[in-house]
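Okay, so here's the structure we're looking at.
By convention here, the first residue in the shown sequence is residue 1. Whatever order the structure lists ligands and atoms in, that order sets their numbers, starting from 1.
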Amino acid sequence: MASLWGTLVLLCGVVFSAAQQTKSNVPRLKLSYKDMLESNNLVTFEGLATSSAYHTFLLDEEKGRLVVGAKDHIFSFNLVNISRDLDQIPWRAHTSRIDECKWAGKDLMRECANFIKVLQPFNQTHLYVCGTGAFHPVCAYLEVGKKIEDSVFRMEPQIENGRGKSPYDPKLQTASMLIDGELYSGTSADFMGRDFAIFRTLGLHHPIRTEQHDSRWLNDPRFVSVHVIPESDNPEDDKIYLFFRENAMDGEHAGKATLARIGQLCKNDFGGHRSLVNKWTTFLKARLLCSVPGLNGIDTHFDELQDVFLISSKDLKNPIVYAVFTTSSNIFKGSAVCMYSMADIRRVFLGPYAHRDGPTYQWVPFQGRVPYPRPGTCPSQTFGGFASTKDLPDDVVTFARGHPAMFNPVYPINNRPIIMKTDTDYQFTQIVVDRVEAEDGQYDVMFIGTDMGTVLKVVSVPRGSWQDLEEVLLEEMTVFREPTAITAMELSTKQQQLYLGSDLGVSQMPLHRCEVYGKACAECCLARDPYCAWDGTECSRYFPMAKRRTRRQDIRNGDPLTQCSDLQHHDNPNGQATVLDKTLYGVENSTTFLECSPKSQRALILWQYLPPNDDRIQDIKAEDRFVRTEQGLLIRSLNKMDSGTYVCQAVEHGFMQALLKVTLEVIDADRLDDLTHRKDEAIAHMAHSISRDTPPARESPNQKHWYRDFLSLVNHPTLNSVDEFCEQVWKRERKQKRQKAQQAQQVQQAQQVQQTQQVQQTQQVQQTQQIQQSQQVQQAQQVQQTQQIQQSQQVQQAQQPQQQQQGFVHAHTHTHAHVHAHGLASKWKHLQERQKGRNRRTHELERAPRSV
Ligand SMILES: *[C@@H]1O[C@H](CO)[C@@H](O)[C@H](O)[C@H]1NC(C)=O
Ligand SMILES: *[C@@H]1O[C@H](CO)[C@@H](O)[C@H](O)[C@H]1NC(C)=O
Ligand SMILES: *[C@@H]1O[C@H](CO)[C@@H](O)[C@H](O)[C@H]1NC(C)=O
């Protein structure tokens, strides 16, 4: 109970601090599936009707192919563009096996098929491929040719038994690696999915495996990946490392818990002589810790290891291990990335063995004498004189058998996750890392796949020292049509592309999209993307070799002031002209919405107010009448004192950029009545002449017809813009005023004329009342809408074009506001041009302000 309480308290802490820094924790740019497709940043293979589970990837950069193992098929994609010259080989399970599988009560579609689980390079011309074969694992050789020009993709007819290579059950993963003709695989080797083991098969030697039915060795493991890492310059010392998660050993942990593990083996282990015959004698495992300290000294652990990526520098012996974890807690969803060094891992394997004397005792560090040569050491000339594991003394083999686990866990670099997400509706599933050379150093850019079909692009940047890392979430991109777990990921540095697999298909995206950050130096700089730099004219791919002078990039600080201030005149040739400057009229007691949202989700919006004939600018404080939303500022029940200039500023990383300037004039209601009177006449007149081709409108039935008709005006060919229309209304009004004056002079003239005017006036009064009613309804709707804006953001985006039109209508008519038409059309056009090539989403959101 105490530990549960601790977790809850910690959780509150996590959630609270996350909420506080929301702005720094959100992706700077968010690109929807549609955004990605439309900007040509995503190529997709939508899968075959007869296939699924595109989970097993093999990247061949030399031949320029991505080979993908799926259900009943093997595909070969062109790395340049996966939708070009696709090759595929159907490989179904044998009919008799499918029947057996059905009789065993398995699901025909989801289990009794051949799900490809192993895809490894075998020799210069062939791949080795294994599948579940409808609960009867099978393997085969796949000819792919030596060079690109060979363009062969063909399966050899000979089929091998796949036991100990592929699992029977397609739900289980195999972690495999084929080196020097030998296949290392962590998998389950029986129909029931109980006999899990690490095998070495193929090759000239007798197959070898982990001890069977010993939960100290492996306890219901799920294998994640296998890697070979040299220990010294002598290949005899090469070790195989396996990453997996498994149940804690008896007595290792209170309750049933999952632990993340790293296991090691010697590549030249051939088993024992008298005991551990054809079993590993050098197997050791250690716990991988990834946790955050809690308030009461109780840590929150991320134990469900999901994926591992190793990135090597020049020193192949010491890659950095990136590992993705989720929580096994059913209280909350959390994901984290932890980073480990090989030095720390080796230190743990050289440390104390975990030991206990009887089933009731705790696991303790083994204090006694460790036999020589130390269990876990590879037979080699480097560390001592024994030639083979078969020569190991009996006491060494006996000790190895009883002590497979190390006592100390491996702690992550800096003792904490470099990335952690606890407040999201998704979890991490996959990771690949690219080491990128930037102007101010080298950065590891992480691409993290989620269970919702999205990819996060993250870079961790040292704040003060290398111990204090700041997580910079650059982009969040949706790469699959529907939410689905990303289960495979490969990165090609040669192609600068990322390839993603899921149940639905395969997707491909470039590693960088520098142009989406914007057209100004400051925007490029704020992005902090190590792939991108300001090159003097645009935000483009950064190459370390290119000339230094013109390039601007600042990953460490993202500070546009130091990088771009001397370039201001280039960015902004017309001085303040790039800021959208508008005049807007609002009516006393009505509600106005000033729309302004930044492209970067990390920017905070600051609204400022400048009273007329006054230059004391003031910040707008949140109060009842001023409601800030993600989309802009809502001003309720306008009063005359609200007239003045409103400035919308985006503030990011200490850099302030004005996005919008609105001069608001509040018209008093009396004056308005007079104006509406006239205008309504004009509207009614004009709408009447056009209403025949009015498309069916979606408004609620209680809205008046004249309004619906008016909507179609926006699209009318004879009226290029609403501004033009409004000018016509104004002209009409002036004309009518003049006519009125004339009428007054001729007041004694024909009685018939007077009668007609009286009828007209009555009609006008009626119309005005109708308008006021519909105004109230719509005001209420608008306020409601604004409150829902945050929830229905996506829905709104989809409806954007339509709403944009409505926005104009709001501003001009039913709100009774009179937009100053002068110059608006040209400014709007200017704004649109300015936004070309910019992030599509923002493009849609940065609309003209509208008044309600
Ligand atoms: C990929 O190929 C398809 C079909 O040839 C083409 O429509 C698409 O534009 C290409 N995409 C890219 C990013 O090259
Ligand atoms: C690769 O292995 C396959 C299958 O054993 C064999 O047929 C082929 O000749 C081998 N190729 C080379 C270049 O050794
Ligand atoms: C506007 O609201 C104020 C305060 O509620 C009220 O006194 C005034 O009559 C209203 N004006 C109009 C034109 O409705």
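- Judged by distance alone, the side chain of T132 and the main-chain N or O of A113 form a donor-acceptor pair under 3.5 Å.
- The protein heavy atom nearest to atom 5 (O) of ligand 2 is F122 CE2, 3.9 Å.
- Heavy atoms from other residues, nucleotides or ligands lying under 6.0 Å from CD of E149 number more than 12.
- Counting only heavy atoms, the protein never gets under 4.0 Å from atom 7 (O) of ligand 1.
- Using a cut-off of 4.0 Å between Lys/Arg side-chain N and Asp/Glu carboxylate O, E61 and K63 are scored as not salt-bridged.
- Closest to atom 2 (O) of ligand 1 among all protein heavy atoms lies N81 ND2, 2.3 Å.
- Looking at R209 and D195, a side-chain N of the basic residue comes within less than 4.0 Å of a carboxylate O on the acidic one, giving a salt bridge.
- The SG atoms of C539 and C524 sit under 2.5 Å apart.
- Closest to atom 3 (C) of ligand 1, if we only count protein heavy atoms, is S83 OG, 3.2 Å.
- The nearest protein atom to atom 13 (C) of ligand 2, hydrogens excluded, is given as T125 OG1, 3.8 Å; this is a heavy-atom distance.
- Among protein heavy atoms, the minimum distance from atom 14 (O) of ligand 2 is reached at N123 ND2, 3.4 Å.
- Note on R65 versus D85: salt bridge recorded, some NZ/NE/NH1/NH2 to OD/OE distance being below 4.0 Å.
- Looking at atom 4 (C) of ligand 2, its nearest protein heavy atom turns out to be Y141 CD2, 3.8 Å.
- The shortest contact between atom 9 (O) of ligand 1 and any protein heavy atom is with N40 OD1, 4.1 Å.
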